[in-house]
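When reading the values below, keep in mind they use all heavy atoms of this one structure, side chains included, and skip hydrogens, waters and symmetry mates. Proteins get letters first, then strands, A, B, ... in listed order; numbering begins at 1 in each.
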Amino acid sequence: MINVEHLSKTYGTTAAIEDVTFSVEPGEILGFLGPNGAGKTTTMRILSGYLPATSGTAKVAGYEVHEDSMAVRQRIGYLPETPPLYTDMTVESFLHFVARIKGVSAGDRAQNVESALEKTSLVDRRKTLIRKLSKGYRQRVGIAQAIVHDPPVIILDEPTVGLDPRQIIEVRNLIKNLAGNHTVILSTHILPEVSMTCNRVAIINKGRVVATNTPQSLMAQLMGGSGYELEIEGDIDAVQPRLQIIQGVKAIDRLTAELPEGRHKLKVTAETGTELPGRELAAAIVEAGLGLFEMRRIQATLEDVFLQLTTEEAPLEADTESDESKEPIESGETTGEAG
Amino acid sequence: MRVILANIVAIYRRELQSYFASPLAYVVAGVFWLLSGLFFVFILNVTIQRVAYADAAGYQGAIDAPTQFLQSFLGILSSIALFILPILSMSLYAEERKRGTLELLATSPVTNWAVAIGKLLAVVTFFITLLLPMLVYELIVLTATNPPVNLAVILLGHLGLVLLAAAVLSLGMFVSSLTDSTILAAIFTFALVLFLWIIDGVGQEIGGWIGAVFGHLSLLKHYNNLAQGILDSSSLILFGSYIVLGIFLTAQSVNVFRFQRS
């Protein structure tokens, strides 16, 4: 349904996106994930026909977005970063206007507006001036205008920004319900959103798509981070070789923790894409005559994948928010590369 | 073609609707009606007094008081419009850019031309609405004269005023599409229109063929022709050209400028 090939966009000398390639199948929801300024909005603007690309092609439903702009525009619904709202209109008249300029025939208009109002739970606000709506409601009107003409392709730029938790759930459900009949691309920097709503995710960083896959296999493929965390009592050096030979073990690291005398904390990291046999781990420890106090499975999260792909040094559990926290974490860190 | 027409109508209706919802439109209308009403009475009095003086002085020649009155009043209306029109055109695109709704229009199956034409028609319609009460005043006064003034002359003067306004609004629409600040749009439009207003005088100062070209470009000169009841095709073509130029530049600038914004 959507085919993007080697798409680049430069502003002057700075490249907003470079060589972006991905495709979306009909009925699929693709999540566009990336830090702020990664090029999500630029890509979506090109897809919607708002911006021309510097090079490369983008096709929606078989039409090139710039050459067959009008054909593409008829087939997409687009919610930009800031919802485009005429604040001096009522919700209903605004949606009627959008339906009209999107080319919905006069006979279907009322029906389309009604269904968009229902889907976005705006029925009781239909006569309200948009100016008087709260941010959450405005965002919903923004989504309503993107779906009012029932387009095959829907492009949503950060659809859940500014909503309260309950509304976020509603919007996510709404987006999930759109799948099947519509092809949806949504951008977000909220990670759980992607794993909750999307069939596939494209991670974009500094203008490049660094990974495309289902959220699950992304986590499985790209992470050496899954494994077990063990709390053991006894001679840890004796057990270490035993654990090392177990199939799929990539690294064993000692974690520093506040523990009673004689106890240790170990982290066993699995090879990329393999599941560690927990039973064998436990057996090896017990057979060595050591005490096993805690055994906890560590699963790679999308956060880990995201950080690994979008951070230069790729510290696994690092908090990228603050630079100060980087150093101590790196020194005492047990990344996949450590072993 | 039918689709384009439907789009123009959709833009036109939305734009008009926003005038009715906008306090600024009511303020502009109020000020315009107040000022033009005052001048109407004032000019009417002056004209009547002048005729009375001429009579008292025993002047034998004919004074065409109704025509003189009409021309003075149309002149005043155009001067007031000079100040009002940039305010009407300033938000046509600047507001859309500020609100982000230009992104909606630009990603809808609507051409830039259709948007520009729809907007221009709407703002011209609003201006015509402003003129309607004036037309009523004039008809009341001028039909009472003996012999009555030719209705065609009155209408031609007003047609000239509307064409003048459309030309100014079209250029103002272009200026408005260049910025997302309505104030800047109003100031630049005012400067531009003032320049086109007095360009005739500038041309006379310069002289030669450049002066002649400047004279031809003057809004005021061509408007005065129409206001005097002279239907000159060159005036119509000039106003038409300004209107088309404004629409053309607007459509182009909307394209170009959205490409440059990050």
Measure across P84(A) and G100(B) and return the closest heavy-atom pair with its distance rounded to 0.1 Å.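 So the two residues come closest at CB-O, 3.4 Å.
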What closest approach, in Å, do A106(B) and R73(A) show between heavy atoms, and which atom pair accounts for it?
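Residues A106(B) and R73(A), closest heavy atoms: O-CZ, 3.1 Å.
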Next on the checklist: Measuring from atom CD of E103(B) to atom CG of L51(A), what distance do you get when rounded to the nearest 0.5 angstrom?
Outcome noted: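 If I round to the nearest 0.5 Å, the distance is 8.0 Å.
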Query raised in the report: Rounded to the nearest 0.5 Å, what separation is found between the OH atom of Y50(A) and the CG atom of L105(B)?
Result: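 Between Y50(A) OH and L105(B) CG, I get 10.0 Å after rounding to 0.5 Å.
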Open item on the list: Using heavy-atom distances under 4.5 Å, tell me whether Y86(A) contacts chain B through its side chain, its backbone, both, or neither.
Closed with: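 For Y86(A), the contact with chain B is made by backbone and side chain together.
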Query raised in the report: Where does E81(A) contact chain B at under 4.5 Å (heavy atoms): side chain, backbone, both or neither?
Result: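 Looking at E81(A), nothing touches chain B.
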For F188(B), does the CZ atom sit with more than 12 other heavy atoms under 6.0 Å from it, leaving out its own atoms?
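No, CZ of F188(B) has 12 or fewer neighbouring heavy atoms, counting only those of other groups under 6.0 Å.
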| E67(A) atom CD: more than 12 heavy-atom contacts under 6.0 Å |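 Incorrect, the count does not exceed 12.
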**Message:** Strictly by side-chain hydrogen bond (donor to acceptor under 3.5 Å, both in side chains), give each pair with a member in residues 163-179 of chain B just once, sequence neighbours left out.
**Reply:**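 Of all non-adjacent pairs touching residues 163-179 of chain B, those that pass side-chain hydrogen bond (donor to acceptor under 3.5 Å, both in side chains) are S177(B)-S253(B).
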With side-chain hydrogen bond (donor to acceptor under 3.5 Å, both in side chains) as the rule and sequence neighbours excluded, what pairs involving residues 110-124 of chain A come up?
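Every pair satisfying side-chain hydrogen bond (donor to acceptor under 3.5 Å, both in side chains) with a residue in residues 110-124 of chain A: E114(A)-R126(A).
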- Message: What residues of residues 89-109 of chain A make heavy-atom contacts with chain B at a cutoff under 4.5 angstrom?
- Response: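 Contacts with chain B: M89(A), S93(A), F94(A), F97(A), V98(A), R100(A), I101(A), K102(A).
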**Item:** Proximity of residues 12-28 of chain B to chain A, residues having a non-hydrogen atom under 4.5 angstrom
**Value:**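 Within residues 12-28 of chain B, the residues under 4.5 Å from chain A are R13(B), R14(B), Q17(B), S18(B), A21(B).
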query = Considering only heavy atoms, which portion of V3(B) lies under 4.5 Å from any heavy atom of chain A: side chain, backbone, both, or neither?
reply =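 For V3(B), no heavy atom lies under 4.5 Å from chain A.
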Exercise for review: Tell me, for E96(B) versus chain A, whether the close heavy atoms (under 4.5 Å) come from the side chain, the backbone, both or neither.
Suggested key: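 Side chain of E96(B) only, per the 4.5 Å heavy-atom cut-off to chain A.
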For each of A16(A), P80(A), A71(A), tally heavy-atom pairs with chain B at distances under 4.5 Å, and name the one with the top tally.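 Max contact count across the listed options: P80(A).
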Counting heavy-atom pairs under 4.5 Å with chain A, which one of L104(B), T111(B), T101(B) comes out on top?
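The residue among L104(B), T111(B), T101(B) with the greatest pair count is T101(B).
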Practice item. Using a cut-off of under 4.5 Å on heavy-atom pairs, state which of S108(B), A6(B), A10(B) scores highest against chain A. Key: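 Top count of heavy-atom pairs under 4.5 Å with chain A: S108(B).
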Side-chain heavy atoms of R99(B) within contact of L85(A), under 4.5 Å: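 R99(B) does not reach L85(A) side chain to side chain.
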